[in-house]
Amino acid sequence: MPNRSQLSSSSARGNKIYISNLHYKVDDEDLEMVFSDCGRKRLESARVHFDEKGRSLGTGEVIFAREEDVVAAVNKYSGRILDGRPLKIQLLREEGNTNANK
């Protein structure tokens, strides 16, 4: 889970989700494709986290331009299967707390 210092200014507004349980083959483009329908093509970024050897950590983050798109993404994709694994999504807030953990 990211710590407080890793939160961007967008996440401070509640526009960032943290995704875990990703299959190791999921990449940035996959995340962007999945979540772009919630962001109405207004995603700020979508990225998978990798270790220093380039292996997926099974986590990622998506930052949306609007908070209402984040809520739509959490509601639509929490628990949905992506490449055989259920997505675990947490909405990040300024304080580093999560208020959506489905």
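Legend: salt bridge (charged side-chain N to carboxylate O under 4.0 Å, His left out) pairs involving residues 74-87, not counting sequence neighbours, sorted by first then second residue: Asp37-Lys76. Sorted by first and then second residue, the salt bridge (charged side-chain N to carboxylate O under 4.0 Å, His left out) pairs involving residues 18-31 (not counting sequence neighbours) form an empty list.
Here the OG atom belonging to Ser36 is positioned 6.0 Å from the CG atom belonging to Leu43, to the nearest 0.5 angstrom. To the nearest 0.5 Å, atoms NZ (Lys88) and CD (Gln90) are separated by 9.5 Å. Remark: Ile17 CD1 to Cys38 SG distance equals 8.0 Å, nearest 0.5 Å.
Remark: Ser56 pairs with Tyr24, Val48, Phe50 by the side chain to side chain contact (heavy atoms under 4.5 Å, CB included) rule, at least two apart or across chains. Here Leu82 pairs with Leu22, Val26, Val34, Leu87 under the side chain to side chain contact (heavy atoms under 4.5 Å, CB included) rule; sequence neighbours left out.
The minimum heavy-atom distance between Ile89 and Ala73, with the atom names listed, is CD1-O, 4.3 Å. Heavy atoms only, all atoms of each residue included: Glu44 and Phe64 are closest at OE2-O, 3.8 Å. Here the shortest heavy-atom pairing between Asn15 and Ala65 reads ND2-O, 3.3 Å. For Ser20 against Thr59, the heavy-atom pair with the smallest separation is CB-CG2, 4.1 Å.
Within the 4.5 Å cutoff, side-chain heavy atoms of Arg66 are placed close to those of Asp69. Residues Tyr18 and Leu91 fail the side-chain proximity criterion, which asks for heavy atoms closer than 4.5 Å.
For the side chain to side chain contact (heavy atoms under 4.5 Å, CB included) with Lys16, the lone residue among Ile63, Val70, Val62 that qualifies is Ile63.
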